[in-house]
Protein chains: 2
Amino acid sequence: MARAGGKANLNDVAKQAGVSLATASRVLNGSARTVGAELQERVREVAARLDYSPSGPAQAMARGATNVIGLVVPDIADPYFSTTAAGIMHEAEPHGMIITLSSTQRRSEREAEYIASLRRQRARGVILVGSRTTDSRHEADLRAEVEAFTAAGGRVAAISQHRLPADTVLVENRAGARALAETLVGLGYRRFAVLAGPSDLVTARDRLAGFREGLRRAGITLDSADVIPGEFTRDGGYAAATALLDEDRDVECVFAVNDVMAVGAVAAFRDRGLNLPDDLAVAGFDDIVSLRDIWPPLTTVRVPLEQLGREALKFVLDEPGDGSRVRRFRGEVVVRASTPALG
Amino acid sequence: MARAGGKANLNDVAKQAGVSLATASRVLNGSARTVGAELQERVREVAARLDYSPSGPAQAMARGATNVIGLVVPDIADPYFSTTAAGIMHEAEPHGMIITLSSTQRRSEREAEYIASLRRQRARGVILVGSRTTDSRHEADLRAEVEAFTAAGGRVAAISQHRLPADTVLVENRAGARALAETLVGLGYRRFAVLAGPSDLVTARDRLAGFREGLRRAGITLDSADVIPGEFTRDGGYAAATALLDEDRDVECVFAVNDVMAVGAVAAFRDRGLNLPDDLAVAGFDDIVSLRDIWPPLTTVRVPLEQLGREALKFVLDEPGDGSRVRRFRGEVVVRASTPALG
DNA sequence: AGCATGGCGGAAAGAGCTTTCCCGGTCTTG
DNA sequence: CAAGACCGGGAAAGCTCTTTCCGCCATGCT
């Protein structure tokens with residue numbers, strides 16, 4: 001509580017150095033104004049001796065700005081988001097920015113709340129990662145908060161999510177999924193099923209749509225019974241895969257719209273006694289590094305997660321900040337053992 | 001820059017509501033002092049209308065305390081740390097605490113720096129996760145910063161790391177590794193190798209020591225050539241495993257001191273054409289959830305990562321904060337397919 | 001010698017809150 | 001009915017800095 005507890009403030013430093021507050025401040029900030037060498041030395045020496053630590057909150061007030069960037073993710077334990085976060089932090093460091101982290105536990109209705117909190121903190125910017133967009137009530141709240149934040153002079157960037165009045169970093173999910181479908185068809189697969197993730201997640205929807213497009217070009221259509229929705233998590237993938245098996249469809253290759261689900265699906269198939277990849281091929285999306293060692297290694301679409309984060313941070317830090325710029329990243333299809341070429 | 005940009009402050013609210021600053025503040029904080037119902041309503045109404053957002057920095061100044069808790073981890077992209085972080089955030093939420101995240105990129109010499117930054121932010125507390133302890137020069141810096149932070153009234157908690165003047169949450173690495181060794185011996189294994197991780201990491205050292213103890217009880221000793229140091233990462237595990245293979249030792253079971261390394265080792269063995277688990281058994285430590293689906297499923301020691309985080313946060317939030325309390329968690333051996341019973 | 005410059009240091013005005021202290025009016029109570 | 005206890009409200013101090021505005025003194029010029 002008594003955060004002041006015996007610690008020296010700038011006033012103490014100034015007094016002990018026998019200079020004014022203004023001078024002390026100037027010395028310690030390397031201000032434009034010149035200060036005599038002798039005084040500089042004296043001030044610095046005293047500051048060091050008193051173990052002076054400038055008050056962030058006070059500086060923020062006086063300067064009218066903080067160095068805080070807020071990061072809002074659905075689930076920090078998910079490797080997709082933690083990798084993206086790593087990219088952001090990497091970029092933030094050299095700029096002296098402080099990252100505050102909020103995890104919505106995949107309850108996107110909390111995003112608005114967190115942005116409001118960030119506004120209270122007077123954060124410079126917010127980076128929003130991959131939220132949903134269809135629940136119109138919550139979306140309205142979210143838009144309102146984003147606008148309020150922007151109106152207050154803050155900058156907002158979004159990753160993997162359209163429709164927000166903010167600079168946006170996008171993955172070309174559609175194109176990536178389309179290319180993946182074409183590749184799989186090229187490998188000889190004809191009968192597909194898709195573990196489609198949550199239907200209110202743009203990312204999931206786009207990947208499904210792109211995949212469909214790719215198949216259609218090859219004259220293949222996806223029966224609606226072959227599209228299994230579910231959670232965007234490992235367990236969601238497991239459940240969807242189990243459901244698929246229960247329907248007993250005739251399928252050669254399963255596309256899970258993200259790697260995490262794909263891993264769950266692989267586990268489910270194995271639990272049911274299937275021998276992968278011979279009995280069934282599986283493909284994912286994202287190319288999550290920590291999942292590269294599962295067996296069989298997943299065919300997937302590589303997404304430059306860290307770069308997504310870095311670009312988003314650049315958006316937040318860049319001066320201009322006109323209306324809403326967009327930066328797109330292509331995914332690259334990576335074929336691995338989980339989808340061997342057919343006969 | 002101009003973060004003030006047109007936004008209303010408490011003064012504006014007070015004026016428009018026709019009350020004093022003090023009253024407005026009291027209403028908005030639900031202060032102990034009672035305020036007439038009518039005024040309350042008026043103030044709230046105006047605040048809402050002006051979209052008033054109290055300034056965090058200003059509140060921090062006036063109150064002499066922030067709601068910031070700093071979290072310092074080696075690498076947020078590592079599932080060990082991201083899971084722990086999730087536990088912390090989970091617990092932090094209901095307390096209205098704000099988490100700021102710093103990732104040292106496994107360069108522990110930066111920890112001191114980050115703590116200093118947190119002190120400047122006037123953070124209430126710091127949670128330090130799993131750093132090294134042997135480099136005496138950096139350790140001295142770190143201790144100094146921790147003490148300075150504490151002297152300034154902040155609270156420090158450490159996870160998986162002794163020797164710091166702070167409340168500590170520990171995993172019983174030694175006992176866990178010992179139990180694991182005994183279990184493996186019970187399964188019939190006799191010839192072991194250990195991928196030991198970095199020698200300056202207490203966690204790694206304790207696990208190795210515990211494993212050795214367990215073996216010794218069974219009359220087995222570990223040749224120093226059977227202990228391969230390396231990085232605490234997937235690639236470190238891969239490299240160490242490769243090195244082990246190159247030495248061509250006669251080994252039945254490899255213990256990697258954490259799961260992430262174990263996964264790297266599994267990949268290395270497979271790349272060398274070994275058929276797991278028949279040709280070689282592998283065990284890990286931590287029971288990282290996102291790694292549960294690798295093949296073969298890893299025998300490991302389960303560590304309650306989220307709980308570690310939660311307890312650490314409790315330490316930071318709890319009133320008392322005497323000297324340095326310690327909370328220990330046992331690990332639980334989990335046998336899976338990667339170490340089948342022998343013969 | 002007289003005056004305009006420039007350099008350097010200080011006083012003071014905020015920045016936006018919380019909280020203590022004070023005061024006038026009510027309500028209670030003997 | 002007077003007096004003390006309360007209650008609700010406001011004025012103002014204080015938290016720790018940054019930055020503008022002033023003023024002093026020493027130069028440099030003419």
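In what follows, chains are A, B, ... by sequence order, proteins preceding strands, each numbered from 1.
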Review point. Starting at CZ of Arg42(A) and ending at P of dG9(C), how long is that distance when rounded to a whole Å?
Key: 9 Å
Review point. Got a donor-acceptor pair under 3.5 Å from the side chain of Arg122(A) to the base of dG16(C)?
Key: no
Check your understanding: How long is the line joining CZ of Arg63(A) and P of dT16(D), in whole Å?
Key -> 16 Å
Review point. Would you say a side-chain N or O of Thr23(B) is under 4.0 Å from OP1 or OP2 of dG10(D)?
Key: yes
Practice item. Enter the inter-axis angle for the ends of the helix from dA1(C)-dT30(D) to dG30(C)-dC1(D) (five pairs per end, rounded to 10°). Key: 40°
**Study point:** Atom-pair distance (CG on Leu28(B); C1' on dT19(C)), nearest Å
**Key:** 15 Å
Practice item. List the atom of Ser102(A), the atom of Tyr114(A), and the distance in Å for their closest heavy-atom pair. Key: CB-CD2, 3.5 Å
Review point. Rounded to the Å, how far apart are Glu38(B) CD and dG9(D) P?
Key: 9 Å
**Study point:** Contact under 4.0 Å: Asn11(B) side-chain N or O vs dC17(C) OP1/OP2
**Key:** no
Review point. Going by number, which of residues 50-61 of chain B have a non-hydrogen atom under 4.0 Å from DNA chain C?
Key: Tyr52(B), Ser53(B), Pro54(B), Ser55(B), Ala58(B), Gln59(B), Met61(B)
Revision key, fill the gap. Contacts satisfying salt bridge (Lys or Arg N to Asp or Glu O under 4.0 Å) that involve residues 81-90 of chain B (not counting sequence neighbours) are none
Exercise for review: Please state how far atom CG in Asn29(A) lies from atom C1' in dC17(D), giving the value in whole angstrom units.
Suggested key: 9 Å
**Study point:** Nearest-neighbour nucleotide for the Leu10(A) side chain, dT18(C), dG10(C), dT18(D) considered
**Key:** dT18(D)
Practice item. Nearest whole angstrom, please: distance from the P of dG16(C) to the NZ of Lys15(B). Key: 11 Å
Point to revise | Which residues share a side chain to side chain contact (heavy atoms under 4.5 Å, CB included) with Ala24(B), sequence neighbours left out | key: Leu10(B), Ala14(B), Val19(B), Val43(B)
Review point. For the side chain of Arg26(A), counting heavy atoms from C-beta on, which of dT20(D), dA11(D), dC17(D) is nearest?
Key: dT20(D)
Point to revise | Phosphate OP1/OP2 of dC15(D): any Asn9(A) side-chain N/O under 4.0 Å | key: no
Study note, to complete from the structure: Those residues at least two apart in sequence (or on a different chain) that pass side chain to side chain contact (heavy atoms under 4.5 Å, CB included) with Glu91(B) are His95(B), Arg310(B), Leu313(B), Lys314(B)
Check your understanding: Counting heavy atoms not belonging to Glu41(B), are there more than 12 under 6.0 Å from its CD?
Key -> no
Check your understanding: Taking the side chain of Leu21(B) as heavy atoms from C-beta outward, which of dG10(D), dC17(C), dT18(D) is closest to it?
Key -> dC17(C)
Exercise for review: Answer yes when Arg328(A) and Glu311(A) have at least one side-chain N-carboxylate O distance shorter than 4.0 Å, and no when they do not.
Suggested key: no
Check your understanding: Rounded to the nearest 0.5 Å, what separation is found between the CD1 atom of Ile159(A) and the CG atom of Asp167(A)?
Key -> 11.5 Å
Review point. What closest approach, in Å, do Gln161(A) and Thr168(A) show between heavy atoms, and which atom pair accounts for it?
Key: O-CG2, 3.4 Å
Check your understanding: Start at the 5' end of DNA chain D and walk down; is the nucleotide closest to Ala62(A) or to Ser20(B) reached first?
Key -> Ser20(B)
Practice item. Apply side chain to side chain contact (heavy atoms under 4.5 Å, CB included) to Thr150(B) and list each qualifying residue two or more places apart in sequence or on a separate chain. Key: Val146(B), Val156(B)
